[in-house]
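Report on one structure; see the data block that follows.
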Amino acid sequence: MRSVIYARYSDSAQREESIEGQLRECSEFAQRKGFTVIKTYADRAISGKKADNRPEFMQMISDSKQKNFDVVIVWKIDRFSRDKYDSVYYKNILKKNGVSVVSATEPIDDSPEGQLMESIFEGFSVYYLKDLSMKVSRGMTENTLKGKFNGGNPTFGYYIDEDKHFQPDPERALVVADIFHRYAGGENSKSILNSLRAQGLETARGKAPTYSFVVNLLKNRRYLGEYRFKDTVIENAFTPLVDADTFEKCQKLLSANKRSPSRFKPVEDKYILTGKIFCGLCGSSMNGVSGTSETGATHRYYQCHAAKSKRTCAKKRTNKAFVETTVLEYIMRILDDKLIVDRIVDTCFDLQAHNSTALPALEKQLAQIEREIDNVMNAIKQGIITATTKETLLKLEQEKEEIEINIAKERIERPVLSKEQIKFWIGKFAKTNLNDTEQKQRLIDVFLNSVYVYDDKMLIILNYKDGEICVDFDEISEAVNKKGNPDDSMNHQSSPKLVVGDPPEIRTPDTLLKRQVLCRLS
């Protein structure tokens, strides 16, 4: 297997060893698995929240089109992405290019349960990111209350002293005051900008000023001495550079001179199955599309990419609400089945022990070192004491101490999730509010593997063994007609009973499913 390694750390305060440690563990994992590493990609001091901000990551995605490698190895799954949508989107691109993503230190494999564990780890990663954000936010609020600089772009006209307080810059503060008084006196921003450029003025970043520099400066309430962070506002936090009357006069002029706001199209409903819904006829991904009827009503669908762009597939569009509601309905049924949930919990728990790699490898190394130390000690007891013996024993003792430290770190940093923790995490989804788009998206992200949509049925594949469900559209429609209310027919609390029978064979684009469950609504 040809593989590449992707490594990343997000904080500029972290050391270069953060990358080197990831590369080392990923290389050891590749060696154990028999993979050949042909290239490494590393993004340093770049957040994993948005993929398109990471140049090495995007280069790796682009290189995968050449099909020169089969596997991407990451130290932990959150190194790939901390954003769930990005994770699904880019893994789908890699999958199309024949590339899979594996973690060197977490119990994740290609089994359905492995993919469920991956979703759980990603969920904890998102939780960690939000928790970290809250802690950072608290610290920045405290800084705001004390009038201290919170980082980010410097404010033109001020400098930050050694105690992180704002102090007026002797030269630039005068420029700021001059800009405000000229604009308040009737001079337009373009004229002010031209004069600033003629003077050779540079912004706080050392660049020539632009039109937005002038406008943003005139809007910045920090020049009143006001310091703001989220909902925390401190007045007179530091020396103001302009008086309140002049500032307010400038705001009125800005408002009067502002162009009419552009009319933006309303934001469409989120297509929560994006990246996981595929055409049952050709295997292409299905994308969200919308159209407006003669009455002005907006209708939303999922449409086969090949049918829309290449005209090579005859698959019809599928109603968005219909397919999403059906998928959510069946996931909620699974979460109501205690036996299935217990089986998933047991499998996920066992999977950690079977697939854990880093800790067992370290424990194996420790056992080998201890045997070698015993051999040296036996030689000493037999009177074999030389300079080489002493040197060897000292070296072995040092190696043992390093391995014991690494084992302690491993147990602290990567604790094994208990069955109770896994069950609690899965159980939270049984309380999903199906009227909340964000909650529905999380449910889909964790439990849904993929959906293959045909013209008369769809195959729902969930992230657990034997989690394939074939749903016949005609029988759903019949249930809807009997109910008389489409919303009621998909209501989780009053869902029809499942009747299990022998399904016809359905061949997906990837493989022929050996075992399927045909679920009919009665």
Side-chain angles (χ1 to χ4, degrees), residues 84-89 92 264-311 313-334 429 432-463 469-481 483-492 495-496 506 508-509 519 521:
K84 187 64 185 177
Y85 176 81
D86 277 356
S87 180
V88 172
Y89 178 76
N92 188 45
F264 294 98
K265 292 175 63 178
V267 179
E268 293 185 351
D269 289 344
K270 188 174 182 181
Y271 292 83
I272 61 175
L273 298 179
T274 299
K276 295 197 173 189
I277 183 168
F278 302 92
C279 173
L281 302 185
C282 71
S284 296
S285 61
M286 297 184 73
N287 305 317
V289 296
S290 64
T292 305
S293 66
E294 295 179 356
T295 62
T298 300
H299 301 278
R300 297 183 174 89
Y301 308 89
Y302 284 98
Q303 185 171 15
C304 171
H305 176 72
K308 180 181 179 182
S309 60
K310 301 177 183 178
R311 310 289 183 183
C313 180
K315 176 73 184 76
K316 301 175 183 177
R317 293 182 299 180
T318 302
N319 181 274
K320 172 184 179 293
F322 175 80
V323 66
E324 288 181 355
T325 305
T326 303
V327 170
L328 290 167
E329 163 71 13
Y330 280 93
I331 293 176
M332 294 300 287
R333 292 185 186 193
I334 294 303
F429 290 97
T432 296
N433 178 4
L434 296 182
N435 293 319
D436 186 299
T437 301
E438 186 177 344
Q439 292 189 38
K440 290 192 295 185
Q441 185 68 68
R442 284 200 296 266
L443 191 70
I444 293 294
D445 290 340
V446 172
F447 290 97
L448 181 67
N449 180 290
S450 53
V451 184
Y452 289 91
V453 183
Y454 300 79
D455 284 334
D456 58 345
K457 56 184 171 285
M458 64 180 170
L459 183 66
I460 304 170
I461 303 176
L462 303 179
N463 279 328
I469 304 169
C470 184
V471 183
D472 191 305
F473 288 172
D474 288 339
E475 293 172 3
I476 294 179
S477 298
E478 183 180 347
V480 169
N481 293 332
K483 291 275 185 179
N485 186 338
D487 294 331
D488 288 343
S489 69
M490 293 300 170
N491 186 280
H492 172 59
S495 57
I506 298 177
T508 68
C519 298
L521 292 170

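Values below: all heavy atoms of this structure, side chains included; hydrogens, waters and symmetry mates excluded. No experiment lies behind these values; they were computed from the predicted model shown.
Counting only heavy atoms from C-beta outward, the side chains of Met458 and Thr326 approach each other to under 4.5 Å. Side-chain contact between Ser450 and Phe278: present, with at least one pair of heavy atoms (C-beta onward) separated by less than 4.5 Å. The closest side-chain heavy-atom distance from Ile460 to Val471 is below 4.5 Å. Taking 4.5 Å as the limit, every side-chain heavy atom of Met286 sits out of range of all side-chain heavy atoms of His305. With contacts defined as side-chain heavy-atom distances shorter than 4.5 Å, the pair Thr292/His299 does not qualify.
The backbone N or O of Asp455 sits nowhere less than 3.5 Å from a side-chain atom of Lys316 that would complete a donor-acceptor pair. Between the side chain of Glu324 and the backbone N or O of Ile272, at least one donor-acceptor pair lies under 3.5 Å. No side-chain donor-acceptor contact under 3.5 Å links Thr325 to the backbone of Phe322. Using a distance-only test at 3.5 Å, with no hydrogens or angles considered, a donor-acceptor pair links the side chain of Gln439 to the main chain of Asn433. Side chain of Tyr302 to main chain of Val323: no donor-acceptor pair is present (N/O by atom type, distance under 3.5 Å, no hydrogens or angles). Side-chain N or O atoms of Asn287 include none that pairs as donor or acceptor with a backbone N or O of Thr274 at under 3.5 Å.
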Would Tyr454 and Leu281 count as a side chain to side chain contact (heavy atoms under 4.5 Å, CB included) here? Give the steps. CA-CA 6 Å; Tyr454 300 79; Leu281 302 185; 4.1 Å; yes
* In sequence, state the C-alpha distance, the side-chain angles, and the governing distance for Asn463 and Leu448, and then conclude on side chain to side chain contact (heavy atoms under 4.5 Å, CB included). => CA-CA 6 Å; Asn463 279 328; Leu448 181 67; 6.0 Å; no
After noting the C-alpha distance and the side-chain angles of Leu328 and Lys440, does the key distance pass the side chain to side chain contact (heavy atoms under 4.5 Å, CB included) rule?
-> CA-CA 8 Å; Leu328 290 167; Lys440 290 192 295 185; 3.4 Å; yes
Quiz item: Given the rule in the side chain to side chain contact (heavy atoms under 4.5 Å, CB included) test, do Ile444 and Ile331 qualify, once you have shown the distances and angles that lead to the verdict?
Solution: CA-CA 8 Å; Ile444 293 294; Ile331 293 176; 4.0 Å; yes
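Judged by the 6.0 Å distance and 45° axis criteria, Lys320 is positioned over the aromatic ring of Tyr271.
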